[in-house]
Amino acid sequence: MMAPSPSILPLELRDVSFEAGGKRLVKDFSCTFAGGKRSIVLGPNGAGKSLLLRLCHGLIRPSAGEVIWHGAGGGIDPASRQAMVFQRPVMLRRSVAANVDYALSLRGLDRSRRTALVDEALARAGLSRLAASPARVLSVGEQQKLALARVWALKPEVLFLDEPTASLDPSATHGVEEIIAAIHAAGTRIIMTTHDLGQARRLADEVLFLHRGRLLERATAEAFFAQPKNDLAQAFIRGELLWWRRGRDNLAARPGAPSEEGDPPCTVH
Amino acid sequence: MTDFGAAFAAAFAMVAGFDPDLAEIVGLSLQVSLLAVGLATVIGLPVGAAVALFRFPGRTALVVALNALMGLPPVVVGLIVYLLLSRAGPFGVLGLLFTPTAMIIAQVLLVTPIIAALTRQVVEDLWVEYEDQMRSLGAGPARALTALLWDGRFTLITAVLAGFGRASAEVGAVMIVGGNIDHVTRVMTTAIALEVSKGDLALALGLGIVLMTLSLAVNAAAFLVKETAQRHYG
């Protein structure tokens with residue numbers, strides 16, 4: 001059922017940096033993703049989580065360093081074995097079923113094989129009754145489920161998810177998380193960003209903590225949520241407002257600096 | 001004033017009575033403009049989409065040129081086609097001057113830039129929204145082209161309509177390359193110009209009424225199709 005062996009994993013990022021507009025947004029990122037687990041990339045806005053996923057998925061090229069699929073080669077195109085779900089899914093202006101079918105046709109599957117795969121994917125995502133509906137009139141939650149059904153039909157070996165529930169209500173989030181869990185249970189490697197700590201707790205096997213474009217900590221979910229080693233990660237899982245806290249700590253640490261609550265973070269001379 | 005009133009009455013009588021002269025002129029006008037817009041659509045949609053999606057040297061210049069060509073004066077197009085098709089011109093041997101074919105050629109030249117330029121804008125905007133998703137699914141610009149045209153179909157109706165409006169209303173190009181020959185190349189706009197100069201206001205007004213009604217009907221129909229479809233497909 002799953003993508004045929006050999007695997008394209010492990011995926012290695014070697015000293016990857018990404019610059020845009022003269023700013024280094026991802027800095028000297030090195031890590032390896034092997035098979036099996038669900039990695040959750042955590043971090044505040046602007047930490048470089050989405051960029052990291054886009055670099056891995058090949059949507060953008062690193063300014064320096066390399067993204068290497070070690071299992072690829074010998075005629076295997078790594079792009080054909082991975083898929084991505086975005087925060088806001090883009091649905092084509094056609095029916096629900098046709099959206100899944102289009103993705104399969106891009107992978108070169110002929111029509112006779114596509115029909116069964118489309119039905120199967122929609123059934124798994126609980127969208128069968130909407131198969132003939134226009135995709136764009138679905139609710140946001142249903143559209144995200146459809147986005148998952150669409151990638152599920154592709155049976156990717158690696159699935160990247162960029163804050164897939166960021167704009168969903170709790171019940172839609174629950175539905176989406178169930179589908180992600182099912183995709184993982186069927187053997188797909190999950191690499192996902194979120195800034196929802198509860199979601200990270202529910203889904204993560206391991207956590208990567210990013211801050212300002214750097215990987216500050218990588219740990220098993222158990223270890224990370226028990227006690228992160230990095231002080232910024234500690235502040236983050238305590239739910240503190242990272243930037244504010246950080247500035248405050250630095251000010252407070254300096255002798256003679258204003259320390260009462262409510263002081264402006266900087267003074268005008 | 002009575003002349004004016006009589007002309008209106010005569011015009012309505014002609015329209016209501018399906019006057020054969022009027023019907024012939026209307027028929028030829030529709031035939032020429034619809035064929036021209038059909039051809040311009042077949043050329044303009046893929047050209048516009050390609051300019052929107054591909055990066056190549058001179059692309060910016062081409063975009064500017066396309067936009068500028070939207071305002072191409074019909075008489076200039078008429079003149080160019082006239083020179084090309086005249087006996088001494090490169091395509092003189094084809095003997096197309098003063099035929100409906102020549103009029104279609106001129107209108108295709110006039111309308112294609114309009115459809116292509118508007119299509120480019122529509123497809124470029126869509127690509128901004130779709131690019132990451134399409135690339136992720138494995139579709140680069142070349143494979144995404146048809147899907148983008150299909151997804152922009154409701155907006156592109158407006159582009160084609162703009163082309164039809166231009167083709168059916170212009171008089172300069174068809175006058176020069178068609179020659180306004182009775183029963184051969186006389187269309188609504190050239191007939192109106194002629195009848196007014198002759199002083200036969202009834203036929204001119206009748207044709208004017210038909211032209212306005214057609215334009216209104218086509219636009220209303222397209223608007224309704226667009227609205228219903230957009231509500232249905234989102």
Side-chain angles (χ1 to χ4, degrees), chain A residues 50-51 53-61 77-96 98-109 130 132-140 142-144 146-147 150-154 156 158-162 164, chain B residues 41 44-46 48-50 52-56 115 118-161 222-234:
Chain A
S50 295
L51 286 174
L53 252 53
R54 275 155 211 266
L55 285 163
C56 291
H57 191 40
L59 289 175
I60 49 177
R61 291 175 169 283
D77 176 13
S80 66
R81 300 277 198 89
Q82 45 177 306
M84 182 155 169
V85 169
F86 298 85
Q87 185 177 338
R88 277 188 53 245
V90 174
M91 288 302 144
L92 297 177
R93 208 165 258 131
R94 47 183 92 190
S95 76
V96 165
N99 264 279
V100 181
D101 185 73
Y102 179 73
L104 287 166
S105 75
L106 287 174
R107 294 279 158 108
L109 274 80
L130 295 169
S133 309
R136 290 214 166 201
V137 301
L138 300 187
S139 71
V140 190
E142 285 167 338
Q143 286 197 27
Q144 196 58 288
L146 174 54
R150 186 164 61 183
V151 295
W152 202 349
L154 303 174
V158 183
L159 176 60
F160 299 101
L161 299 120
D162 187 10
Chain B
T41 304
L45 290 186
L53 297 176
F54 299 116
R55 298 290 171 266
F56 49 87
I115 296 182
L118 295 174
T119 302
R120 181 202 61 83
Q121 192 61 58
V122 170
V123 172
E124 207 166 284
D125 290 348
L126 267 182
W127 187 235
V128 169
E129 187 190 341
Y130 283 27
E131 181 170 3
D132 277 350
Q133 182 74 69
M134 293 301 260
R135 284 192 191 278
S136 171
L137 291 174
R143 295 194 72 174
L145 194 144
T146 44
L148 287 167
L149 281 176
W150 182 244
D151 269 39
R153 59 194 180 275
F154 305 132
T155 323
L156 290 172
I157 289 176
T158 314
V160 174
L161 269 188
F223 182 79
L224 281 177
V225 168
K226 192 182 164 193
E227 284 297 297
T228 355
Q230 213 145 32
R231 208 171 314 122
H232 183 66
Y233 286 100

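Every chain is numbered from 1 and lettered A, B, ... according to where its sequence line falls, protein lines coming before strand lines. Reckoned from all heavy atoms, side chains included, excluding hydrogens, waters and symmetry mates. Bear in mind the structure is a predicted one, so any value in this text is a computation, not a measurement.
For A:R107, the CZ atom sits in a packed shell: over 12 heavy atoms of surrounding residues, nucleotides or ligands are nearer than 6.0 Å. The neighbour count for B:F54 CZ, taken as heavy atoms of other residues, nucleotides or ligands under 6.0 Å away, is above 12.
Chain A forms more heavy-atom pairs under 4.5 Å with one residue of B:R135, B:R231, B:R153 than with any other, namely B:R153. When A:Q82, A:R94, A:R150 are compared by the number of non-hydrogen pairs under 4.5 Å with chain B, A:R150 comes out ahead. Highest contact tally toward chain B, considering only A:V137, A:L138, A:L106, is held by A:L106 [criterion: heavy-atom pairs under 4.5 Å].
In this structure, chain B has no heavy atom under 4.5 Å from any part of A:F160. With a 4.5 Å cut-off on non-hydrogen atoms, A:L92 touches chain B through its backbone and its side chain both.
In summary, A:R136 and B:E129 engage in a salt bridge, as defined by a charged side-chain N under 4.0 Å from a carboxylate O.
Judged by the 6.0 Å distance and 45° axis criteria, A:R93 is not positioned over the aromatic ring of B:F154.
Although no hydrogens or angles enter the test, the distance criterion places a donor-acceptor pair under 3.5 Å between the side chain of A:Q144 and the main chain of A:P164.
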